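Just below is one structure, and these are the notes that go with it.
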Amino acid sequence: MSEPYNPKTIEERWRDFWREKGFFKADIERTERKFYYLNMFPYPSGKLHAGHGRNYILGDAIVRFLIMRGYNVLNPMGWDAFGLPAENAAIEQGIHPRDWTWRNIEEFKRQFRAWGVEYDWDREIATCEPDYYRWTQWLFLKLYERGLAYRAESDVNWCPHCDTVLANEQVVGGRCERCGATVERKKLTQWFFKITDYAQRLLDDLEKLPGWPERVKLMQKNWIGRSEGALVTFKSERGDPIQVFTTRPDTLWGATFLVLAPEHPLVEALTSPDRRREVQEYREQAARQTEVERLSAEREKTGVFIGAHAENPVNGEKIPIWIADYVLMGYGTGAIMAVPAHDERDFQFALKYGIPIIPVIAPPSGVAKSYLMRGSYRGGLEEALKEAGFDFEAKDGALYVTLAERDRERYIALVQGYLQPGSWTEVVGAGWQFVFPDGVANVGSLAEERAVLARCRELEPTVGGVRTVAELLWGVEFYRELLFHAEYGEMINSGPLSGTPGDQAIRKTCEWLEERGIGKYAVTYRLRDWLISRQRYWGAPIPMVHCDRCGVVPVPEEELPVLLPDVPFIGKKGLADVPEFVETACPRCGGPARRDTDTMDTFVDSAWYYLRYISPQDEEKAFDPNLVNRWLPVDLYVGGVEHAILHLLYSRFITKALHDMGYLAFDEPFARLFTQGMITYPAYWCEEHHWIPPGEVAEGNRCPHCGAGLDVQVLAMSKSKKNVVPPDELIEEYGADTERLYTLFMGPPERDIEWSAEGVRGAWRFLSRLWALITGQLPRIRDIEGPPNPAELDRAGEALWKKLHATIKKVTEEFEGRLGLNTAIAALMELTGAFSDYLEGEVVDPRLVREVVRNLILLISPFTPFMAEELWSRLGEGKSVLETPWPDYDERALAAGEVEIPVQINGKVRARLKLPNAVAVDKEALREAALADPVVQARLAGRQVKRVIAVPGKLVSIVVG
RNA sequence: GCCGGGGUGGCGGAAUUGGUAGACGCGCUGGACUCAGGAUCCAGUGGGGAAAUAACCCCCGUGUGGGUUCGAGUCCCACCCCCGGCACCA
């Protein structure tokens with residue numbers, strides 16, 4: 001009757017069919033109904049594993065859908081082929097990186113073919129080929145001409161394992177993103193791209209990208225890290241201007257010291273002779289520190305006073321200058337004003353080093369506190385406080401008063417009368433006041449702070465060991481929570497701006513600063529320029545020449561590409577080690593000169609490749625602006641979230657730069673972005689033998705080599721952790737269609753999901769069932785033509801007809817919308833089940849059977865193209881599935897048949913009615929039908945119906961008394 | 001610490017604008033076919049109760065506690081936990 005499902009022979013038959021027919025070739029000249037679908041191109045390392053399928057199988061299904069929908073789809077593939085792994089593998093195996101790379105590429109292509117994943121292979125590109133990197137070099141020259149590529153000495157991240165520098169984006173938690181080695185800091189002269197010029201636009205234009213996941217946009221936003229504030233110029237005693245950036249200009253009057261980054265250029269000149277040695281030591285120690293050490297040594301802040309002072313421009317206060325490694329040279333101006341009363345780090349620092357603290361912002365809570373030491377006040381105070389309505393606690397003869405700020409004056413007047421001679425108390429809240437029997441002293445300036453401290457010392461000798469008023473108050477636990485806060489509030493102790501409310505404080509201060517020319521409103525970004533130099537061989541050489549007479553000279557465009565020297569590859573090698581590469585003539589003066597020996601970061605290669613696909617063989621230019629402007633932005637770009645910042649931010653930057661140069665009409669490369677999740681699988685770790693492939697793990701999670709207990713973690717599939725499932729084995733056992741179906745069925749494509757061998761079996765069972773079902777029906781429908789007549793269908797037929805169209809709708813909408821293909825497949829499984837049930841009924845309409853079979857094949861074809869093509873041809877259809885239009889659904893079918901309507905009574909479902917659709921969608925009829933139902937009637941007996949809510953097509957809710 | 005996302009059966013996950021919670025699959029249980037089954041097929045499967053050669057019925061259930069509503073997985077408030085990003089950023 002029906003033959004068994006044998007994917008091996010089926011898939012072998014169709015593997016080259018689509019390519020030979022040219023279904024995946026885009027018509028590049030025709031752009032109406034065009035669709036540029038793009039998968040992030042892979043780095044060809046070794047072999048593809050099942051985890052890679054998440055990206056490519058998804059993409060292939062989408063593209064097949066789009067082709068059937070009649071789109072002119074551009075769906076290219078290429079290779080991000082430059083990079084360190086090729087070099088490392090080459091060193092290990094003694095072969096050239098290029099040979100290693102091309103071997104992998106061939107393997108990838110073989111695997112794509114086995115998967116049934118097709119591309120427009122005429123457009124294949126590889127970034128390591130001269131006809132590609134020639135244009136990467138061209139891009140560099142263009143950026144250089146525009147002033148967007150420059151060479152500078154700076155502190156860079158150095159990976160000792162990879163022997164090269166890294167971009168900030170490639171350092172994760174102080175470690176090399178690639179190899180995990182601890183990153184060191186080095187001072188080197190390197191090439192940078194000026195991405196910071198585009199910081200604001202990269203930020204603003206995120207709003208132009210509604211088709212991007214919110215979280216990716218947010219990650220970019222955080223990475224760009226815009227902060228608003230002010231630049232304020234302080235002056236050293238010698239007169240050097242010291243510019244600081246602050247987000248809290250409203251706290252300027254509270255700045256009691258300055259802190260410079262240890263690397264700050266002024267440190268050298270400002271340090272006094274007696275501090276020189278200590279400062280030097282601190283700077284050296286800071287320079288030695290790796291990022292990791294700085295992170296781990298967190299919390300406790302260290303720093304050194306450099307023996308110089310600066311003048312605070314707003315109040316003329318003379319404040320000390322320190323250096324500390326919590327201030328980073330790379331952010332803002334590398335110098336900060338420290339306001340210990342309102343910044344937590346500054347507060348810790350000031351407390352530790354005995355630097356005065358002056359509060360200048362009232363805490364918004366409006367709470368103040370006062371502590372009266374035992375013996376500092378006369379009897380009767382407690383009663384007086386009580387009578388005046390103050391809230392306090394008495395403990396061991398001391399009083400702890402908590403008051404509202406508005407009662408401050410009244411409280412001071414009261415308590416002053418009860419103070420013992422020689423004693424005092426404080427009021428700590430919006431400002432700190434010391435209350436003596438004969439007067440009140442405010443701590444609103446450094447001079448006042450000194451005076452208060454002196455007076456207290458005089459009265460109480462034990463105060464002698466305390467360096468600042470803040471320290472004195474810190475000694476009273478009761479006060480601690482009020483000594484520091486970082487909130488916005490009314491300005492106090494701030495000269496002419498005292499009394500400015502919190503919501504206007506920053507704006508008013510900025511205006512005030514600008515009027516006086518001391519400072520101005522300013523914006524700072526966390527984003528740094530993109531360091532693109534790499535000291536390795538396998539990358540695009542930077543097309544620059546160093547000439548003793550002419551300096552740095554660009555290689556003329558017509559001399560591109562600067563070819564990588566073809567050298568035998570043994571051991572680590574940089575271009576600097578190849579004399580015949582280095583030695584050249586200066587393009588300007590013709591004299592002897594040296595080539596730049598750095599290659600570009602591979603993220604430069606991938607920052608523009610989506611443009612090259614449009615005209616991959618063009619020998620005249622990098623891309624054809626005319627065609628590119630018609631085909632881009634990319635309609636749908638699919639790849640992993642791990643590129644949320646690096647690749648996607650760089651690509652946006654390069655697109656904008658090319659846009660500004662007039663090459664591109666658009667300034668965002670990817671209209672819609674979809675980030676697929678990763679496939680995870682258990683990974684086993686043995687202390688001694690490291691990663692153990694899951695298949696080799698011994699009984700009881702033990703190491704097969706030493707028997708030690710293994711550490712199991714479910715991690716993203718990767719070759720390095722040995723937890724991969726090879727597609728070849730899956731295809732051998734179940735066929736590519738099963739792997740494809742399971743990959744898309746396992747869960748929503750954007751989520752990380754664990755691979756399950758049992759799940760694969762489920763997909764296999766379904767396909768076997770479907771195969772048997774359809775092949776079993778072929779004889780019945782071979783000679784049947786035309787669609788069924790809905791009017792002639794019986795109840796069962798009508799239900800199936802309805803189900804069919806609901807499924808078409810569901811699958812279509814998932815492809816066109818959120819790409820929840822797992823639910824689309826579930827719908828196809830349901831339809832298959834319903835179809836199977838229908839066939840067991842007594843009356844079977846062959847035309848309906850034919851209709852369902854045809855549509856099932858078409859609907860499932862993006863997921864399982866081999867089986868679909870095979871069944872389609874057996875059906876006697878002359879054309880390929882890919883030449884057949886995607887089915888449309890019929891609204892009439894959706895409105896046919898019966899629906900089940902639940903009836904709720906007081907919020908609980910008490911009956912389910914089967915009603916004709918016509919009744920269910922009519923509010924009144926629905927209401928009547930529900931009330932007339934016997935079960936409902938019985939429920940309502942003797943109770944009063946208060947309200948009936950009938951929701952057409954949904955439910956009826958009855959409220960009774 | 002700050003900013004996002006998310007907590008639904010034994011598991012992966014479904015649930016338009018608030019409208020039958022648990023689609024679909026896995027696993028499990030029972031049965032069939034088998035020398036055998038880790039293959040395949042059929043049936044059942046949130047928990048508890050009632051009932052029992054049947055259908056049906058009741059209670060509880062979407063991290064916790066409150067709230068809005070005829071009705072809440074979905075909305076509001078408070079909290080707990082997990083994941084991701086940033087992290088001395090001035």
Side-chain angles (χ1 to χ4, degrees), chain A residues 4 172-173 213-223 225-227 229-230 244-248 251 255 258-259 261 294-295 297-301 324-328 330-339 342-346 348-349 486 524-528 641-642 644-645 741-742 745-748 750-766 768-769 772 810 813 820 822-833 899-913 935 946-960:
Chain A
V172 179
E214 281 308 314
R215 81 185 160 128
V216 172
K217 289 193 272 184
L218 199 76
M219 280 161 75
Q220 294 213 348
K221 194 177 164 193
N222 289 341
W223 188 262
R226 178 194 155 100
S227 354
V244 304
F245 175 74
T246 176
T247 53
R248 292 297 302 269
T251 65
L258 289 189
V259 188
R294 279 174 78 147
L295 289 175
E298 224 191 288
R299 293 287 67 95
E300 186 72 355
K301 309 232 171 302
D325 63 8
Y326 77 91
V327 175
L328 310 172
Y331 184 79
T333 62
I336 62 160
M337 64 171 202
V339 184
H342 305 293
D343 180 281
E344 194 177 355
R345 291 156 306 170
D346 299 344
Q348 286 173 16
F349 197 86
T524 301
Y525 302 89
R526 208 188 72 102
L527 182 71
R528 314 288 161 81
V641 234
E642 65 274 21
I645 296 169
L741 189 75
Y742 173 64
F745 179 64
M746 62 196 299
E750 69 276 11
R751 207 178 301 184
D752 289 354
I753 299 182
E754 187 177 343
W755 183 267
S756 145
E758 291 71 32
V760 178
R761 287 216 74 79
W764 160 260
R765 270 197 291 269
F766 169 68
S768 303
R769 222 164 23 231
K810 170 78 181 166
E813 283 176 353
N822 54 322
T823 61
I825 294 169
L828 286 167
M829 288 171 167
E830 281 186 65
L831 175 60
T832 305
V899 284
E900 198 180 79
I901 297 288
V903 180
Q904 292 183 348
I905 296 173
N906 281 354
K908 298 203 186 232
V909 178
R910 296 300 185 191
R912 294 165 215 272
L913 312 181
V935 176
K946 282 185 169 167
R947 215 176 138 190
V948 180
I949 298 138
V951 184
K954 291 273 189 234
L955 59 35
V956 179
S957 184
I958 303 169
V959 189
V960 297

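This one's a predicted model, so the numbers in the text were calculated from it and none came from an experiment.
Here the two rings, on A:Phe766 and A:Phe745, have centers that are 6.0 Å apart or farther. Here the two rings, on A:Tyr742 and A:Trp755, have centers that are under 6.0 Å apart.
Applying the side chain to side chain contact (heavy atoms under 4.5 Å, CB included) criterion to A:Val909, with sequence neighbours excluded, gives A:Pro902, A:Gln904, A:Arg912. Scanning for side chain to side chain contact (heavy atoms under 4.5 Å, CB included) contacts around A:Val951 gives A:Ile949, A:Lys954, A:Leu955, with sequence neighbours left out. Taking A:Asn822 as the reference, A:Pro748, A:Pro749 meet the side chain to side chain contact (heavy atoms under 4.5 Å, CB included) condition, with sequence neighbours excluded.
Nucleic acid contact for A:Glu754: none, since no nucleic acid atom lies under 4.0 Å from a heavy atom of the residue. Counting any heavy atom pair closer than 4.0 Å across all strands shown, A:Ile753 reaches sugar-phosphate atoms only and no base atom. Heavy atoms of A:Val959 sit under 4.0 angstrom from primed sugar atoms or phosphate atoms, though from no base atom. Across all strands, A:Leu218 comes closer than 4.0 Å only to sugar-phosphate atoms, never to a base (heavy-atom distances). Across all strands, A:Asn822 comes closer than 4.0 Å only to sugar-phosphate atoms, never to a base (heavy-atom distances).
Atoms CZ and CE, on A:Phe245 and A:Met337 in that order, are 10.5 Å from each other to the nearest 0.5 Å. Here the straight-line distance linking atom CZ of A:Arg226 with atom CG of A:Leu527 works out to 13.0 Å at 0.5 Å rounding. To the nearest 0.5 Å, atoms CH2 (A:Trp223) and CZ (A:Arg526) are separated by 5.0 Å.
Across every strand in view, B:rG1 sits in a pair with B:rC86 that passes the Watson-Crick or G-U test at under 3.5 angstrom. Using N1 to N3 plus N6-O4 or O6-N4 for Watson-Crick, or N1-O2 and O6-N3 for G-U wobble, each under 3.5 Å, B:rU45 pairs with B:rG27. With a 3.5 Å ceiling on both atom-pair distances, the Watson-Crick or G-U wobble partner of B:rU40 is B:rA32.
Separating the C1' atom of B:rG22 from that of B:rA14 is a span of 7 Å, rounded to the nearest Å. For the C1' atoms, the distance linking B:rC28 with B:rG46 amounts to 14 Å, nearest Å. B:rG7 and B:rC75 are spaced 11 Å apart, taking the P atom of each and rounding to whole Å.
Rounded to an integer number of Å, the gap from NZ of A:Lys221 to P of B:rC89 is 18 Å. Between A:Tyr525 atom OH and B:rA90 atom C1' there is a gap of 17 Å when expressed in whole angstrom units. Separating the CE atom of A:Met219 from the C1' atom of B:rG4 is a distance of 10 Å, rounded to the nearest angstrom. Atom-to-atom, OH of A:Tyr326 to P of B:rG1 comes out at 21 Å; the value is rounded to the nearest Å. The distance between atom CG of A:Asp752 and atom C1' of B:rG5, rounded to the nearest whole Å, is 12 Å. Taking atom CG of residue A:Asn906 and atom C1' of nucleotide B:rU69, one finds them 13 Å apart after rounding to whole Å. In this structure, the CG atom of A:Leu328 is 9 Å from the C1' atom of B:rA90, given to the nearest Å. Atom CD1 of A:Ile645 and atom P of B:rA87 are 8 Å apart (whole Å).
In terms of position on RNA chain B, the residue among A:Glu750 and A:Asp346 whose nearest nucleotide sits closer to the 5' end is A:Glu750. In terms of position on RNA chain B, the residue among A:Gly747 and A:Gln904 whose nearest nucleotide sits closer to the 5' end is A:Gly747.
Under a cut-off of 6.0 angstrom, the local environment of CZ in A:Arg215 is sparse, with at most 12 non-hydrogen atoms contributed by other residues, nucleotides or ligands. Other residues, nucleotides and ligands contribute only 12 or fewer heavy atoms inside 6.0 Å of the CD atom of A:Glu344.
The A:Thr247 side chain lies nearest to B:rA90 when the options are B:rA15, B:rG19, B:rA90. Of the candidate nucleotides B:rA90, B:rU20, B:rG85, B:rA90 has the atom nearest to the side chain of A:Tyr331.
In this model, the phosphate group of B:rU40 is not approached by any side-chain N or O of A:Ser768 to a distance below 4.0 Å at OP1 or OP2. Look at A:Arg947 and you'll find a side-chain N or O under 4.0 angstrom from OP1 or OP2 of B:rC70. Dashed line: the shortest gap from a side-chain N or O of A:Arg751 to OP1 or OP2 of B:rG13 is under 4.0 Å.
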Kindly give the atom pairs (protein nitrogen or oxygen, nucleotide nitrogen or oxygen) under 3.5 Å for nucleotides 58-62 of chain B.
| unit_1 | atom_1 | unit_2 | atom_2 | d |
| --- | --- | --- | --- | --- |
| B:rC58 | OP1 | A:Arg910 | NH1 | 3.0 |
| B:rC58 | OP1 | A:Arg939 | NH2 | 2.4 |
| B:rC59 | OP1 | A:Arg910 | NH2 | 3.2 |
| B:rC59 | OP2 | A:Arg910 | NH1 | 3.3 |
| B:rC60 | OP2 | A:Lys908 | NZ | 2.9 |

Give each protein N/O atom lying under 3.5 Å from an N/O atom of nucleotides 24-26 of chain B, with the pair distance.
| unit_1 | atom_1 | unit_2 | atom_2 | d |
| --- | --- | --- | --- | --- |
| B:rC26 | OP1 | A:Arg765 | NE | 3.1 |
| B:rC26 | OP1 | A:Arg765 | NH2 | 2.6 |

Got a list of side-chain donor-acceptor pairs under 3.5 Å for residues 826-833 of chain A, not counting sequence neighbours?
| unit_1 | atom_1 | unit_2 | atom_2 | d |
| --- | --- | --- | --- | --- |
| A:Glu830 | OE1 | A:Lys803 | NZ | 2.9 |
| A:Thr832 | OG1 | A:Leu828 | O | 2.7 |

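A glycosidic torsion no more than 90° from 0 defines the syn conformation; B:rG31 lies beyond that range and is anti.
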